[in-house]
J.: 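Please find one structure pasted underneath; my questions will follow.
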Amino acid sequence: MRLMLLGPPGAGKGTQAESISREFDIPHISTGDIFRENIKQGTELGRKAQSYMNQGLLVPDDLVVDLVKDRLLKEDCVKGFLLDGFPRTIPQADALDAELSKMERKLDRAINIQVKKEVLIERAVGRRVCKSCGAAFHIKFKPSEIDGVCDRCGGELQQRKDDLEETVIKRIEVYLEQTEPLIEYYSQKGILMNIDGEQEIQTVFEDIITGLRG
Ligand code: ADP
Ligand code: ADP
Ligand code: ZN
């Protein structure tokens, strides 16, 4: 199954991606995670991406597209994949389409997680991520067992630099301007699936699975 997750910042893409990739045994490809890993390692790509990310802006298309193309060529993508946070612009979506066509493949579904603005802000601002493994928690909706400590690896939890309220508001604006048009794009291709993302984590997951199996 070749899937992509669409939705504004804080909608729950990363949270759902973990469960979906486990359910179908396909790799979870998050461009945001890849950039954060590059920043942590101090690579050239990380240096280029960092200033855009901290301002809540999108990283330029060419940087993202090349990275995803390379990733899709890896052996583990033969059985399918789950893209999380890519594509985020129409040019990225066209580039993905072209690349998949070359491989004689196509996207099966675009899963659009819908959540209203006030809820997004509360989710993103309360998000805490593990410094070591990147797992995401929420101070209110998905608290770790021990405050500030990752349940998965014992690492230290921190707030993402771009999860400060003003930056989240900026990211939502950027989403509305550059990413939301993809809803119509995938709807026209007949592969869009809308999901109510304002329900509990487990209910959202069940709706996604039902939608994909149905
Ligand atoms: P995204 O990848 O779309 O930015 P995340 O999956 O990281 O979103 O979720 C954002 C924050 O909201 C995280 O702290 C996560 O624990 C929390 N969260 C995710 N889904 C839900 C949900 N259905 N209800 C409440 N909180 C959620
Ligand atoms: P969220 O899950 O909250 O939407 P992500 O982790 O997906 O956030 O992305 C964090 C940041 O990484 C984005 O604000 C943007 O700067 C950069 N980024 C991630 N994916 C892309 C992409 N496909 N195109 C451009 N920038 C991206
Ligand atoms: Zn961890």
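Start at 1 and go down the list; that is how both ligands and their atoms are numbered. Heavy atoms only: backbone and side chains are in, while hydrogens, waters and symmetry mates are out.
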J.: Tell me, which residues have any heavy atom less than 4.0 Å from some atom of ligand 2?
T.: Pro9, Gly10, Lys13, Thr31, Gly32, Phe35, Arg36, Met53, Leu57, Leu58, Val59, Val64, Gly85, Phe86, Arg88, Gln92, Arg127, Arg160, Asp162, Arg171

J.: May I ask you to check whether over 12 heavy atoms, not counting those of Glu165, lie within 6.0 Å of atom CD?
T.: no

J.: Run the side-chain contact (heavy atoms from CB on, under 4.5 Å) test on Lys170 and Leu57 for me, step by step, so that the C-alpha distance in whole Å, both residues' side-chain angles and the decisive distance to 0.1 Å come before the verdict.
T.: CA-CA 8 Å; Lys170 178 71 197 165; Leu57 302 173; 3.7 Å; yes

J.: Under 4.5 Å between any side-chain heavy atoms of Leu182 and Ile90, yes or no?
T.: yes

J.: Do side-chain atoms of Lys48 reach the backbone of Val59 as a donor and acceptor pair under 3.5 angstrom?
T.: no

J.: Heavy-atom contacts with Phe141 under 4.0 Å: which atoms of ligand 1 show up? List them by number with element.
T.: 25 (C), 26 (N)

J.: Can Leu72 and Ile29 be said to form a side-chain contact (heavy atoms from CB on, under 4.5 Å), step by step?
T.: CA-CA 9 Å; Leu72 291 178; Ile29 304 174; 4.1 Å; yes

J.: Taking the Zn ion (ligand 3) as the center, what protein N, O or S atoms are found at less than 2.8 Å?
T.: Cys130 SG, Cys133 SG, Cys150 SG, Cys153 SG

J.: Going by the order shown, which atoms of ligand 1 are within less than 4.0 Å of some heavy atom of Phe137?
T.: 13 (C), 14 (O), 16 (O)

J.: What do we get for Gln199 next to ligand 1 when only non-hydrogen atoms under 4.0 Å count, side chain, backbone, both or neither?
T.: backbone

J.: Does Tyr52 OH have over 12 foreign heavy atoms under 6.0 Å away?
T.: no

J.: What atoms of ligand 1 come closer than 4.0 angstrom to any heavy atom of Glu200?
T.: 23 (N)

J.: For residues 111-119, please give each side-chain donor-acceptor pair under 3.5 Å, one per line with the distance, not counting sequence neighbours.
T.:
residue, atom, partner, partner atom, Å
Asn112, ND2, Asn194, OD1, 2.8
Lys116, NZ, Glu198, OE1, 3.1

J.: What atoms of ligand 1 come within less than 4.0 Å of a heavy atom belonging to His138?
T.: 12 (O), 14 (O), 16 (O)

J.: For atom NZ of Lys161, is the number of surrounding heavy atoms from other residues, nucleotides or ligands below 6.0 Å larger than 12?
T.: no

J.: Heavy-atom distances under 4.0 Å are what count here, so tell me which part of Gln16 touches ligand 1: side chain, backbone, both or neither.
T.: neither

J.: Going by an N to O cut-off under 4.0 Å, is there a salt bridge joining Arg127 and Asp162?
T.: no

J.: With sequence neighbours excluded, give me every side-chain hydrogen bond (donor to acceptor under 3.5 Å, both in side chains) pair touching residues 132-151.
T.: Glu122-Lys140

J.: Under 3.5 Å, is there a donor-acceptor pair between the side chain of Gln92 and the main chain of Arg88?
T.: yes

J.: Please examine the side chains of Thr179 and Leu6, heavy atoms only from C-beta on, and report whether any two atoms are closer than 4.5 Å.
T.: yes

